[in-house]
Amino acid sequence: MPGGWPSSAIGHSSRRRGRVSALLTNVLTTADPYKTPEGEPTLRAVLERGAAQVRRDLADEPELRAEMLTVIGRVQQRLGRHAEAQPLLEEALVIGRRVTPGGSARLAATLNNLGVLHVERGRPAEAVPLLDEALALRRRWLGARHADVAITQVELGRAYHDLGRLSEAERLFREALALRDAGFG
């Protein structure tokens, strides 16, 4: 048992890495212009194929499927492709709630990303409950002084600011700044 991990956990971790590696290899291979009939694929096409492949190939591993859908959804969101990102993040959230009923750091990331998306789409009232839950989960699973806690505080502060709840926004911004100062100087 290297590092004190049970051999079953090591086997699961190794199998998981293998599945992610195979999935990414397959997705990125579809981006090879010599292997695609339409020529050079767009990033949009690669992300859409990736999401379809995640749904198909990881049907038997819901936790991993939710994690990969969150990653693809976050990339779509950061590219400004909100309409494409939202269903991916919502699907990941449904799966995440089902497989981790008590929550997890991964579920918190999905909640955070979906909340950010709502803020960016001008729907801060929809973002607040998602970001509140993300903040509570991040504090629980990562600790109150983790950098991701500060990230969610800032995002929740943005939502409150957009709603005109300025004192709540300021409190969160100050708490996030204090965390960042403590962690990074």
Side-chain angles (χ1 to χ4, degrees), residues 13 15-100 103-124 126-135 137-138 141-142 146-159 162 176 180:
S13 177
R15 184 179 69 246
R16 181 180 167 102
R17 279 193 306 273
R19 293 211 55 191
V20 170
S21 177
L23 178 82
L24 289 176
T25 299
N26 196 339
V27 167
L28 294 175
T29 300
T30 65
D32 184 342
Y34 292 113
K35 294 188 178 205
T36 54
E38 66 271 5
E40 187 174 332
T42 64
L43 178 56
R44 175 184 182 171
V46 171
L47 291 170
E48 288 172 0
R49 285 185 197 136
Q53 188 169 348
V54 162
R55 288 179 178 117
R56 182 183 63 244
D57 293 356
L58 299 178
D60 62 333
E61 288 204 45
E63 190 173 354
L64 184 54
R65 185 170 76 240
E67 183 178 354
M68 298 302 293
L69 289 172
T70 296
V71 169
I72 296 169
R74 184 180 64 229
V75 171
Q76 291 278 29
Q77 177 257 325
R78 288 180 176 174
L79 290 170
R81 300 176 48 75
H82 299 145
E84 291 78 5
Q86 188 167 339
L88 295 169
L89 293 171
E90 288 172 345
E91 182 179 350
L93 181 58
V94 168
I95 296 166
R97 287 191 191 285
R98 188 175 62 240
V99 298
T100 57
S104 68
R106 287 189 179 120
L107 181 61
T110 303
L111 287 158
N112 186 82
N113 291 325
L114 187 55
V116 169
L117 177 70
H118 284 305
V119 171
E120 290 177 353
R121 294 189 94 177
R123 298 191 304 239
E126 293 177 42
V128 167
L130 297 167
L131 292 167
D132 268 334
E133 185 178 355
L135 183 57
L137 287 174
R138 283 186 161 171
W141 293 100
L142 302 174
H146 195 277
D148 287 348
V149 169
I151 289 169
T152 301
Q153 286 174 315
V154 168
E155 297 302 342
L156 183 56
R158 285 178 53 210
D162 291 354
R180 301 296 290 210

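Just so you know, residue 1 is the first one in the sequence shown, and it goes up from there. In what follows, every heavy atom counts, from backbone to side chain, and hydrogens, waters and symmetry copies are set aside.
The two atoms that bring L111 and L137 nearest to each other are CD1-CD1, 3.6 Å, heavy atoms only. A pairwise comparison of heavy atoms in A127 and G115 identifies CB-O, 3.2 Å as the closest pair. Here the closest heavy-atom approach between residue T152 and residue L131 is recorded as CG2-O, 3.5 Å. When all heavy atoms of G96 and A66 are compared, the pair lying nearest together is N-CB, 4.2 Å. Heavy-atom minimum distance, L69 versus A51: CD2-O, 4.3 Å. For the pair A108 and R138, the tightest heavy-atom approach, listed with the atom from each and the gap, is CB-CG, 3.5 Å.
The closest side-chain heavy-atom distance from L93 to T70 is not below 4.5 Å. Put simply, the side chain of V71 reaches to within 4.5 Å of the side chain of R74, judged on heavy atoms.
Of the options V149, I151, L156, a side chain to side chain contact (heavy atoms under 4.5 Å, CB included) to Q153 is made by V149 and by none of the others.
With rounding to the nearest 0.5 Å, the separation of CZ in R123 from NE2 in H118 is 5.5 Å. Of the inter-residue distances, the one linking L47 atom CG with T42 atom OG1 reads 8.5 Å to the nearest 0.5 angstrom. Rounded to the nearest 0.5 Å, atoms CG (N113) and CD (Q86) are 12.5 Å apart. Distance check: L88 CG to I72 CD1 gives 6.5 Å after rounding to the nearest 0.5 Å. Here I95 contributes atom CD1 and R106 contributes atom CZ; the two are 13.5 Å apart, rounded to the nearest 0.5 Å. A distance of 8.0 Å separates CG in N112 from CG in D148, rounded to the nearest 0.5 Å.
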Starting from the C-alpha separation in whole Å, work towards a yes-or-no answer on salt bridge (charged side-chain N to carboxylate O under 4.0 Å, His left out) for R55 and E91. CA-CA 10 Å; R55 288 179 178 117; E91 182 179 350; 2.7 Å; yes

If you apply the rule salt bridge (charged side-chain N to carboxylate O under 4.0 Å, His left out), what do you find for E133 with R97, and how did you get there? CA-CA 12 Å; E133 185 178 355; R97 287 191 191 285; 2.7 Å; yes

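A donor-acceptor contact shorter than 3.5 Å links the side chain of R65 to the backbone of A59.
Looking only at atom types and distance, the side chain of H82 has a donor-acceptor partner in the side chain of E120 under 3.5 Å away. Checking R44 against Q76 by side-chain atom types alone, no donor-acceptor pair falls below 3.5 Å.
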